[in-house]
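Some notes on the structure that comes next.
Not measured: the values here are computed from a predicted model.
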Amino acid sequence: MIKPTILCLCLITSLSFSRSAAAEETIAKRIVGAWTLDAVTAERADGSKAEPFGTNPKGVIIFTDSGYFSLFQSRADLPKLAENDRAKATAEEAKAVVGGSIAYYGTYSVNETDKFLSVTLDGSTFANLLGGSQRRDVTSLSADELRFSNPRTPSGMTLQTVWRRAKAQ
């Protein structure tokens, strides 16, 4: 029979090893991979909230272990173009696509202490975002969920974004 003190000592030792192993897992290591968009909420300066990509947004963000990332977000109901040619989109069609989607890519680094990403965009469907780095505050990160906020968009909103780890197909 195992003595209670030995059993207790074994449990404490195993818990401390579990905690130290988890503590060694950095944000930089844990975010690598593909994530699918679950929700985006925008909070305006007056405190009102909106869903800029609708209630069922579509999107993906991919982080590489070498510091690159790529993002695409859109409304689920983007219109198809009547002419089936991007160069022949009507003004209304183009406005709906531009207003209902965003894509960009670039490099990122992680501030582990303050739990934020610093992203630098190399290309974007909204060129006004290019130049300089932007901050994304990691508010929650588990094996299956990533939450971060964009504390200040060019339009003055704060975006709260929820991502789910992409499942292998």
OG1 (Thr41) and CG (Leu159) are apart, to the nearest 0.5 Å, by 9.0 Å
Is Val32 linked to Ile62 within one hydrophobic cluster, defined over Ile, Leu, Val, Met, Phe, Trp and Tyr using a side-chain heavy-atom separation of less than 4.5 Å? no
To the nearest 0.5 Å, atom CZ of Arg30 lies from atom CG of Leu146 at 9.5 Å
Locate the shortest heavy-atom distance separating Leu37 from Pro57; write the atom from each residue and the value. CD2-CB, 3.6 Å
Between Ser142 and Asp144, is there a side-chain donor-acceptor contact under 3.5 Å, judged purely by atom types and distance? no
For residues Arg165 and Ile31, report the shortest heavy-atom separation together with the two atoms involved. NH1-O, 4.3 Å
Within this structure, what is the CG-OG1 distance for the pair Asp38 and Thr36, rounded to the nearest 0.5 Å? 7.0 Å
Is there side-chain contact between Thr161 and Gln73, with heavy atoms separated by less than 4.5 Å? yes
Could you check if a side-chain atom of Val119 sits within less than 4.5 angstrom of a side-chain atom of Phe69, using non-hydrogen atoms only? yes
Output yes when Glu145 and Arg164 qualify as a salt bridge under the 4.0 Å nitrogen-oxygen rule, no when they do not. yes
Around atom CG of Asn128, are there more than 12 heavy atoms of other residues, nucleotides or ligands at under 6.0 Å? yes
Mind checking the OG-CG spacing from Ser149 to Asp137? Nearest 0.5 Å is all I need. 4.0 Å
For Ala28 against Glu112, the heavy-atom pair lying closest together: N-OE2, 3.0 Å
Distance-only check: which donor-acceptor pairs under 3.5 Å involve side-chain atoms of residues 87-106, not counting sequence neighbours?
{"from": "Thr90", "atom 1": "OG1", "to": "Glu93", "atom 2": "N", "distance (Å)": "3.0"}
{"from": "Thr90", "atom 1": "OG1", "to": "Glu93", "atom 2": "OE1", "distance (Å)": "3.4"}
{"from": "Glu93", "atom 1": "OE1", "to": "Thr90", "atom 2": "N", "distance (Å)": "2.9"}
{"from": "Glu93", "atom 1": "OE2", "to": "Ala82", "atom 2": "N", "distance (Å)": "2.8"}
{"from": "Ser101", "atom 1": "OG", "to": "Val97", "atom 2": "O", "distance (Å)": "2.6"}
{"from": "Tyr104", "atom 1": "OH", "to": "Arg136", "atom 2": "NH2", "distance (Å)": "3.2"}

What heavy-atom pair brings Trp35 and Gly33 nearest, and what distance separates the two atoms? CD1-O, 3.7 Å
Flag side-chain contact, heavy atom, 4.5 Å: Leu141 against Ile27: yes
With a 6.0 Å cut-off on the ring centroids, do Phe63 and Tyr108 count as close? yes
For Asn111 and Thr113, which heavy atoms make the closest approach, and how far apart are they? OD1-N, 3.1 Å
Between Leu121 and Gln134, is a side chain to side chain contact (heavy atoms under 4.5 Å, CB included) present by the stated rule, with each step listed? CA-CA 8 Å; Leu121 306 188; Gln134 300 177 21; 3.6 Å; yes
For the CG atom of Leu129 and the OG atom of Ser124, what is their distance to the nearest 0.5 Å? 4.5 Å
Under a single-linkage definition using a 4.5 Å side-chain heavy-atom cutoff for Ile, Leu, Val, Met, Phe, Trp and Tyr, are Phe116 and Leu71 assigned to the same hydrophobic cluster? no
Pairs touching residues 54-75 that satisfy salt bridge (Lys or Arg N to Asp or Glu O under 4.0 Å), sequence neighbours left out: Arg75-Asp77
Testing the basics here: between Phe148 and Val138, what is the closest heavy-atom pair and its distance to 0.1 Å? CB-CA, 4.0 Å
How long is the gap from NZ on Lys49 to CZ on Arg44, to the nearest 0.5 Å? 11.5 Å
